[in-house]
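First the structure, in the form of C-alpha cells, and then the observations on it.
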Amino acid sequence: MLKLYNSLTRMKEVFEPLGPPFVGMYVCGPTVYDEPHLGHAKSYISFDIIVRFLRAAGYRVRYVQNITDVGHLLDNEAGEDRILKKARLERLEPVEVAQKYENSYFRSMDRLNNLRPDISCRATGHIPEMLEMVQALIEKGYAYEEDGNVYFDVRKFAGYGKLSGRTLDELREGVRNEPAEGKRYFADFALWKKADAAHLMRWRSVWGMGFPGWHLECSVMAAKYLGESIDIHGGGLDNQFPHHECEIAQSEAASGKPFVKYWIHNNMVTVEGQKMSKSLGNFVTLGTLFERFTPMTVRFFVLQGHYRSPQDFSDQALEAAGKGFGKLARTISDLREKISRVPAEGKDVPEGPWGEYRERFFAFMEDDFNTAGAITVLFDLAKRIHSVLDTVPKTDLIQAERLFSFLSEDILGFRFQDVERYSSGSLESDLIALCIELRRECREQKLWTLADRIREGLMTMGISLEDGKDGTRWRKKT
RNA sequence: GGCGGCGUAGCCAAGUGGCUAAGGCGGAGGUCUGCAAAACCUCUAUUCAGCGGUUCGAAUCCGCUCGCCGCCUCCA
C-alpha cells in the first residue's frame with residue numbers, strides 16, 4: 001500500500017489513482033534559459049524515482065513534463081524575459097536559446113539516468129490552447145481584460161490559497177511590490193500580457209499582440225495530455241506559491257473539476273550551507289559538478305536524502321556518497337562475475353531466498369518514497385551477498401543478481417557499468433591481463449618492489465588490482 | 001513584517017509516541033594478504049539544539065528560547 005505526502009492536505013495519504021492502473025503525472029519542467037544546475041538534479045531525480053517506483057508497483061504511468069520556452073518577466077522595467085535577455089547577450093534567436101538549453105538539460109538528465117518524460121511539451125507549441133483557456137475563463141467570468149492584458153480575478157475563485165495555506169489577507173500583508181497597472185486586485189495574476197514589437201516572442205490574440213502568463217502553460221498542457229483531473233502534479237517547493245496555486249485557480253475555474261489529486265513538492269538544495277544563487281557566486285551547474293563527481297555519485301547522494309528534506313551539497317558529503325555507491329557497484333560486479341552473466345532485461349522479482357529484502361525495500365519505498373531507507377536494505381543485501389558468495393548454489397546467486405538489479409537499477413535508476421570490466425578481447429583488457437601476468441611472475445620471484453610498481457602504475461590509470469585466492473582480479477576504479 | 005519548514009554521532013542521513021536510536025562515509029581493532037586492495041567480523045550517539053510541559057512512556061506531541069532555511073507573484 002503506497003502512501004505519499006500530499007502538499008494539498010499536508011498529510012500522508014494512501015495513493016489511489018483516479019483510474020487505475022493508469023496514472024497521469026505532470027511535473028514542472030525547466031525554463032530553458034541557462035545551464036541545468038544542482039537543483040534540477042535533486043528535483044528531477046526525485047520525480048524519476050516516483051515514476052520508476054509506480055511502474056515497478058504495476059501502474060501504467062504517463063509522465064508529462066513541460067519545457068518553458070517563453071517569456072516570464074524579470075523584475076526590470078524593460079519587460080524583458082529571461083530567454084530574450086539571453087538571446088540578446090548570446091546573439092541568438094530566442095528559439096535557439098531555448099533549444100540550446102533544452103538540449104543541455106536532457107544531456108544532463110540522461111547522464112543522471114533519469115527516464116525521459118513520455119511527453120515533453122513546449123509552451124510555445126501550445127499557444128492556441130492557451131488562448132482558448134483564457135477565452136473560456138473570460139466567458140465564465142473568472143478573468144477580465146484591461147488594455148491588452150488579461151488577468152485572473154482571484155476573488156472569484158473561492159479556493160485560492162488552498163495549496164499554499166494562505167488567505168488573501170495574509171497574502172496582502174506580504175505584498176512587497178506595487179501591483180501592476182490594470183489589475184483590479186493585488187493578487188490577480190496575468191493570463192495574457194500585451195507585448196510591443198521589441199518583445200521578440202509574441203503572438204496574435206483577440207486582445208492584441210502578446211504572450212501568455214507563466215502559469216497558463218502548465219494548466220493547458222496538463223489538461224491536454226492528462227485530462228482535466230490528474231493524479232499527480234510535481235514540482236519544486238519554490239513553485240508551490242504562486243505558480244501551482246495559480247494553476248489550480250485557472251484549471252479548476254475553467255473545468256469546474258478538481259485539477260490535481262496529489263501534489264508533490266521536493267525541497268531545495270544549498271551549497272556548502274548557503275542558498276545557491278548567481279549573486280552569491282556559488283551557482284553550480286551539472287556540467288561543472290560532473291567534472292568532479294560522477295553522475296551516479298550525484299544520484300546516490302540525492303537518494304540518500306529524502307525528497308522533502310533540504311539537501312546541502314558539500315565536497316565531503318559527495319565524496320562519501322561516491323564511496324558508498326562504489327560499494328554497491330562492486331557487489332553487483334562481483335555477483336555478475338560469479339554467475340558469468342550479464343544483466344537481463346525484464347528480470348523477474350524473485351520470491352525465493354531474498355524475498356525478505358524485497359519486502360523491506362518496498363516497505364520503505366511505499367512510505368512516501370523513502371529512498372534513504374531503501375538504500376539501507378541494499379547495503380544489507382550487499383553484505384549478505386558477499387558473505388555467502390562462495391557458499392550458496394549458483395541459482396541463489398542468479399536470483400540475488402536479479403533482485404539487486406531490479407531494486408537498484410530499475411527502481412532507483414543506478415547504472416553500474418562504470419565499474420564493470422572492459423569487454424574481453426579489447427586492447428585494454430589484453431594489456432591489463434599482460435600486466436597482471438608479469439606481476440604474477442615478479443611476485444613468484446618475490447620482486448615486491450617491481451610488482452608494486454605495476455600495481456601502482458595501473459592504479460594511476462584508474463585500474464585497481466585485487467589479489468585473491470584464485471588469482472588477481474582487476475576493475476575500474478569508481 | 002506575514003506564512004511555512006528544519007536542527008539526530010567527526011561528516012551525510014533515516015526514524016515522528018513504546019523492543020537494544022537504521023544505514024553510508026570516516027575512525028579503532030581483527031580475519032585474509034609479501035604488502036596492499038576488496039570482502040567479512042567487532043567497536044565507534046545512556047542520547048536526538050536548549051529549557052519547561054503533556055503522558056505509565058517522547059528524538060517523536062505542546063509551549064518558549066537559540067540557530068539555520070524556504071516562500072510572499074523570476075527560480076527545480
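Chain A is the first sequence line, chain B the second, and so forth, proteins listed ahead of strands; every chain is numbered from 1.
Phosphate contact (OP1/OP2 of B:U73, side-chain N/O of A:Lys183, threshold under 4.0 Å): absent. An OP1 or OP2 oxygen of B:A14 is reached within less than 4.0 angstrom by no side-chain nitrogen or oxygen of A:His306. Regarding contacts with the backbone of B:A76, a side-chain N or O of A:His40 is found under 4.0 angstrom from either OP1 or OP2. Remark: A:Ser464 is not in phosphate contact with B:A38, judged by side-chain N or O atoms under 4.0 Å from OP1 or OP2. Residue A:Lys323 has a polar side-chain atom (N or O) positioned under 4.0 Å from OP1 or OP2 of B:G26.
Taking only distance into account, the side chain of A:Arg384 never meets the base of B:C40 through a donor-acceptor pair shorter than 3.5 Å. For A:Asp312 and B:C12, a side-chain-to-base donor-acceptor distance below 3.5 Å is absent, hydrogens and geometry of angles not being considered. Between the side chain of A:Arg330 and the base of B:A38, no donor-acceptor pair under 3.5 Å is found. Taking 3.5 Å as the limit, the base of B:G34 and the side chain of A:Asp452 contain a donor-acceptor pair of atoms between them.
A side-chain contact (heavy atoms from CB on, under 4.5 Å) with A:Leu412 is found for exactly one of A:Leu407, A:Thr371, A:Asn113, namely A:Thr371.
When atom types are taken as modelled, the side chain of A:Arg415 and the backbone of A:Arg111 share a donor-acceptor pair closer than 3.5 angstrom. In this structure, A:Glu245 contributes its side chain and A:Gly161 its backbone to a donor-acceptor pair below 3.5 Å.
Straight-line distance between the P atoms of B:A21 and B:U47: roughly 11 Å, to the nearest whole Å.
A:Ser309 comes within 4.0 angstrom of the backbone, heavy atoms only, and of no base.
One can place CG of A:Asn370 at 5 Å from P of B:G15, the figure rounded to the nearest angstrom.
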